[in-house]
Amino acid sequence: MKLTSFLLFSFITSLVCAETHTWWFETGWVDANPDGTFERKMIGFNNSWPLPTLRVKKGDRIQLYLINGFETENTTLHFHGLFQEGSNQMDGPEYVTQCPIPAGQTYLYNFTVTQVGTFWYHSHTQGQYGDGMRGVFIIEDDDFPYKDDYDEEVVLTLSEHYHDTATVLVPSFLSRFNPTGAEPIPQNTLFNESRNVTWQVEPNKTYLVRIINMGGFVSQYLYMEDHEFTIVEVDGIYVEKNTTDLLYITVAQRYTVLITTKNDTSRNYAFMNKIDDDMLDVIPSDLILNSTNYIVYNQTAFEEEAPSEYFLDSIDDYFDDFYLRPLNNATLLDDPDYTVTVDVVMDNLGNGVNYAFFNNITYTAPKTPTLATVFAAGDDNTNPIVYGTNTNAFVLQKDDIVDIVLNNQDTGKHPFHLHGHVFQLIERHEEIPDTESPVAFNISDHAEWPEHPMSRDVVYVRPQSYIVMRFKADNPGVWYFHCHIEWHLDQGLALTLIEDPQGIVSDSRQALTDDFKDACSAHGIPLDANAAGNSVDMLDLSGENVQHKPLPSGFTARGIVALVFSVIAAFLGLAAIAVYGMADIKDVEERVARGLDVDIDDDDDQEEESNVANEGGYTQASNQQQ
Ligand SMILES: *[C@@H]1O[C@H](CO)[C@@H](O)[C@H](O)[C@H]1NC(C)=O
Ligand SMILES: *[C@@H]1O[C@H](CO)[C@@H](O)[C@H](O)[C@H]1NC(C)=O
Ligand SMILES: *[C@@H]1O[C@H](CO)[C@@H](O)[C@H](O)[C@H]1NC(C)=O
Ligand SMILES: *[C@@H]1O[C@H](CO)[C@@H](O)[C@H](O)[C@H]1NC(C)=O
Ligand SMILES: *[C@@H]1O[C@H](CO)[C@@H](O)[C@H](O)[C@H]1NC(C)=O
Ligand SMILES: *[C@@H]1O[C@H](CO)[C@@H](O)[C@H](O)[C@H]1NC(C)=O
Ligand SMILES: *[C@@H]1O[C@H](CO)[C@@H](O)[C@H](O)[C@H]1NC(C)=O
Ligand SMILES: *[C@@H]1O[C@H](CO)[C@@H](O)[C@H](O)[C@H]1NC(C)=O
Ligand SMILES: *[C@@H]1O[C@H](CO)[C@@H](O)[C@H](O)[C@H]1NC(C)=O
Ligand SMILES: *[C@@H]1O[C@H](CO)[C@@H](O)[C@H](O)[C@H]1NC(C)=O
Ligand SMILES: *[C@@H]1O[C@H](CO)[C@@H](O)[C@H](O)[C@H]1NC(C)=O
Ligand SMILES: *[C@@H]1O[C@H](CO)[C@@H](O)[C@H](O)[C@H]1NC(C)=O
Ligand SMILES: [Cu+2]
C-alpha cells in the first residue's frame, strides 16, 4: 500500500470505529448511606448514586446532556484530565469556561476524546463533588501496551466522606468564625463509595486495577497484605512498570496497577486504605484512620473469619511518583519561554475569613466567564487586564514552553491540577518543617532535572517547599490551575491560563454554543464583556469583583485568630470548634462580631443571612466584594 492510501485507509477506519455516546443525566439528591453509619443525601444521576462508570474508546465522541434537576442549585460538569482540544467550553469550571447551569436547564457536553487511560468526571460547582457528584471515566485503548499482561479489569475509587452536605460545610468553613481556615474533618473514608468492601478474586490471575481518588480533601495510602502493585499508568500516561507495596494517592490522581493473585485459596487478605492524617488539623478519637477491606479468595473462610487489620512498619516509604518514567521515553522539554512564578499563602482578609492566595491574590470569579471575554475582547484578548485583576490571569503564547514555579509558603501539602494539559514534574523539593522558614525555587541553584520526567495532571507540593512544572502551550483554551482540595479552591487557590486567545477565537470548533449562551443569559451574565461585565470598554474594569480589603492596620491575622478563638473557646472548647466547624454555633456570631473591630460590612452580613435562609444556597460570591 502506498503511504497516502495507507493514511487514507487509517483515517477511514478510525472514522468507522469511532462511536458516539449520547447520555442524558439528570442531577438530583438521592438518599444513601455510603459508610453504613449515617443516612444522608448524595448527588446522583437519575435518582441513582453512585454515578455510572462511563467507558469509551479513543476517538469516540461524547454527547452528554446534563440536566440540572436541582431545585435551586447551579451545576457544571468537568471531565478531569481531558485535554478538550478545540472544545474548551466543554471543560466545566464555572466562570472560567462556562456560566453555571441554572436549575431546570440542560447543557450539552459535546467533545471527542483523544487520550487513553483512567479519568473521572465531577461537578466543578462549589462543593458538589464532595456530595457525590463524581464518577469514573475510562478511555480504552486497543493498543494498550500492557494488554497481554492481565486477565481482568477492575475499578477502585477512594474518597473521604462527610455526613453534612457541602451546602452546610462551605459557609461555616469560609467564615470569620473559622479564622485559621481549619478544614472540616471527614467522618469516614470510602473505598469504592462504601466501606468494609470485599473484593472477590480468583487465584493465579492478574488484575488491571484502575485506582482513582475522587475525594476533595485527604490523600490516602493504599496497601495490601502480602500483595504488590505494579504501576503501569498515572493520570492517562503510560509508564514503565514499577512495583511497590505502598501507594500514596492525592485527591484527583489516578494510578492503574497490575495486581497478581496467589495460587493458594486457603486464606484471605486485608486491603487497607489509610487517611494521610498529617492533613487534618485535629484527629477526633472516633475517626477511623486505617480502614480494612478484604481480598477474598475463599468465601467460606471469609464467613468464618474476616482478615484482621494489616500494618506496615512505616508509612513513609510510599512510592514517590517523581521517579516514574513515561513509557514513550518523552524527554525533558526545552528551557522555558515563559515562567509563571506563584507563592502560596493562606491568610485572613479584613472580613476575618481565611483565604488562600497566589501572589497575594485570592481567585475571585469574574462577572463574565473568562472564555466569553476571550471572544468579546477582540485584539485586547491578549491583554491580561481584560480578565480582571483578581483572577490571576496569565496569557500564554501559542507553543511556548511554560514553567509554573510554585513556592508553597504554607505548612500544608497541596495537590495541584492543571486543566487542558499534562505537565512534566521537573523538580519537587523535600518538606521543610514548620520550625524553619519555607524554601523557594532558585533557578541558579536547582537540582539536576530528570532526562525523562514523569508527567501527569495532578501533583502534590510538600509543606513549605516547591514544585516546578513544565508544559508546552499547544492547546488553545482557558485553563484553570488550582489546588484540588475543594476547601482550598473555595478559599481561592486558583489561577487562569489564557492560552493562545487568538487561536481560540479563530478556531470555528470553539464557537460558543447555544447552551453556553442560554446558561449565561438565564443568570443575566453578559457574554460580550470583560471581567467586570463591561461591554463598552474592555480595558475598563470598574465594578469588577475583587477580594476583601486587607486587615486594618493594627490588626494582624494572628490577633484576629487569637481574639476569635478566645471568644469561641471560652464558649465551646477548642477541640469542639475544630471537629464540628462552626456549623452548629451560629449564635455566638454576635459576641464575636462585637469583639472584632474589623471590616464587617452590610454586604457581608446579608451574605451570612442568605446562607442561613437559603437552604442549599451559598454563593460563589462569598469571597467577593464589590
Ligand atoms: C435519565 O433521565 C432522563 C430524563 O430526566 C432521561 O431522558 C434519560 O434517558 C435517563 N438516562 C438514563 C441513562 O436512564
Ligand atoms: C462497616 O463496618 C462498620 C463496623 O462494623 C459498620 O458500622 C458499618 O456499617 C460498615 N459499613 C458498611 C458500608 O458496610
Ligand atoms: C447560581 O448562579 C448565579 C450566577 O452566578 C448566582 O447568582 C446564584 O446565586 C447561584 N445560585 C445558587 C443557588 O447558588
Ligand atoms: C456535537 O459536535 C459536533 C461537532 O461540532 C456536531 O457535529 C454535532 O452536531 C454536535 N452534537 C449535537 C447534538 O449538537
Ligand atoms: C468497585 O465497584 C465496581 C462497580 O461499582 C466493581 O466493578 C469493582 O469490582 C469494585 N472494585 C473492587 C476492588 O471491589
Ligand atoms: C496458573 O495459571 C497458569 C496459566 O494460566 C497455569 O499454567 C498454571 O497451571 C496455574 N497454576 C496454578 C497453581 O493454578
Ligand atoms: C502461581 O503458579 C504459577 C505457575 O503455576 C507461577 O508462575 C506463579 O508465580 C505462581 N504465583 C504466585 C503468586 O505464587
Ligand atoms: C476455603 O476455606 C475453607 C475454610 O477455611 C477450607 O476448608 C477450604 O479448604 C478452603 N478452600 C480452598 C479451595 O482452599
Ligand atoms: C495505621 O496503619 C499504620 C501503617 O500500617 C500504622 O503504623 C498505624 O499504627 C496504624 N494506626 C492505627 C491507629 O491502627
Ligand atoms: C522505579 O521507582 C524507583 C523509586 O521508587 C526508581 O528509583 C526507579 O528509577 C524507577 N524505575 C522505573 C523504571 O520507573
Ligand atoms: C524507551 O527506552 C527504553 C530503554 O531505554 C527502550 O527499551 C524502549 O524501547 C524505549 N521505548 C520507546 C517507545 O522508544
Ligand atoms: C505579597 O505581599 C507581601 C506583604 O505586603 C509582600 O511583601 C510580597 O512581596 C507580596 N508578594 C507578591 C508575590 O506580590
Ligand atoms: Cu490545597
Side-chain angles (χ1 to χ4, degrees), residues 76 78 92-97 100 123-130 166 169-176 178-184 216-217 251-252 340-367 369-370 384 387-394 404 406-419 461 478-498 531-532 541 544-551 557 560 599 603-604 607 611 618-626:
T76 49
H78 168 56
E94 56 183 41
Y95 286 102
V96 181
T97 56
S123 167
H124 225 293
T125 295
Q126 206 175 41
Q128 287 179 347
Y129 87 81
L169 295 170
V170 175
S172 59
F173 168 64
L174 286 182
S175 144
R176 71 180 80 101
N178 181 28
T180 61
E183 299 85 2
F217 179 18
V251 292
V340 174
T341 301
V342 283
D343 297 344
V344 173
V345 170
M346 319 285 268
D347 205 351
N348 302 66
L349 286 178
N351 60 345
V353 173
N354 191 270
Y355 293 101
F357 302 83
F358 277 138
N359 295 349
N360 296 338
I361 290 175
T362 178
Y363 178 87
T364 306
K367 289 186 168 169
T370 303
Y387 306 110
T389 61
N390 232 141
T391 55
N392 277 311
F394 297 87
I404 300 179
L406 187 147
N407 297 312
N408 177 19
Q409 297 179 6
D410 179 55
T411 52
K413 291 175 201 161
H414 302 270
F416 282 95
H417 172 46
L418 174 58
H419 290 224
V461 62
V478 176
W479 305 118
Y480 214 21
F481 173 82
H482 60 91
C483 178
H484 218 288
I485 293 179
E486 187 69 9
W487 308 118
H488 299 170
L489 179 55
D490 295 345
Q491 284 176 293
L493 198 45
L495 59 80
T496 19
L497 301 178
I498 297 99
L541 286 169
E544 69 167 334
N545 293 331
V546 293
Q547 67 197 45
H548 278 271
K549 293 191 278 289
L551 290 167
I560 292 211
D599 171 32
D603 202 48
D604 224 33
E607 227 167 70
N611 284 339
Y618 40 81
T619 60
Q620 166 86 19
S622 52
N623 59 348
Q624 292 166 11
Q625 185 191 43
Q626 303 182 10

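Note: hydrogens, waters and symmetry copies are ignored here, and every other heavy atom, side chains too, is used.
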Q) Passes ring pair (Phe, Tyr, Trp, His ring centres under 6.0 Å), Tyr363 versus Phe358? Steps please. A) CA-CA 8 Å; Tyr363 178 87; Phe358 277 138; 9.7 Å; no

Q. Are His482 and His488 an aromatic pair by the rule of ring centers under 6.0 Å?
A.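 No, the ring of His482 stays outside the 6.0 Å limit from the ring of His488, centre to centre.
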
**Q.** Donor-acceptor under 3.5 Å (Thr76 side chain, Pro93 main chain)
**A.**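 Flag not set: sc Thr76 to bb Pro93 has no pair under 3.5 Å.
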
Q. Looking only at atom types and distance, does a side-chain atom of Asn348 sit under 3.5 Å from a main-chain N or O of Pro179, one as donor and one as acceptor?
A.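 Yes; at least one donor-acceptor contact below 3.5 Å.
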
Minimal non-hydrogen separation, [X] against [Y], with atom names:
X	Y	result
Pro366	Thr391	CD-CG2, 3.9 Å
Tyr129	Gly216	OH-CA, 3.2 Å
Gly127	Ala166	O-CB, 3.4 Å
Asp343	Asn407	OD1-ND2, 3.1 Å
Gly92	Thr97	N-OG1, 3.3 Å
Leu495	Phe394	CD2-CE1, 4.0 Å

Q) Listed by chain and number, what are the side chain to side chain contact (heavy atoms under 4.5 Å, CB included) partners of Ala356, not counting sequence neighbours? A)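 For Ala356, the residues satisfying side chain to side chain contact (heavy atoms under 4.5 Å, CB included) (neighbours in sequence not counted) are Met346, Gln491, Leu493.
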
Q: Just jot down the side chain to side chain contact (heavy atoms under 4.5 Å, CB included) partners of Ile361, sequence neighbours excluded, or say none.
A: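 Checked Ile361 against side chain to side chain contact (heavy atoms under 4.5 Å, CB included); matches are Asn390, Asn392, Gln547.
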
Please examine the side chains of [Y] and [X], heavy atoms only from C-beta on, and report whether any two atoms are closer than 4.5 Å.
X	Y	answer
Thr496	Tyr95	no
Gln409	Asp347	no
Leu418	Tyr480	no

Q.
Can you tell me how the ring of Phe416 sits relative to the ring of Phe481, calling it parallel under 30°, perpendicular over 60° and tilted otherwise?
A.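 Parallel: the ring planes of Phe416 and Phe481 meet at under 30°.
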
Q: Please identify each residue that fulfils side chain to side chain donor-acceptor pair (under 3.5 Å) with Asn408, with sequence neighbours left out.
A: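 With neighbours one apart ignored, the set is empty.
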
Q: Have a look at Leu497 and tell me which of Val478, Ile404, Thr370 forms a side-chain contact (heavy atoms from CB on, under 4.5 Å) with it.
A: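 It is Ile404; the other options fail the test.
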
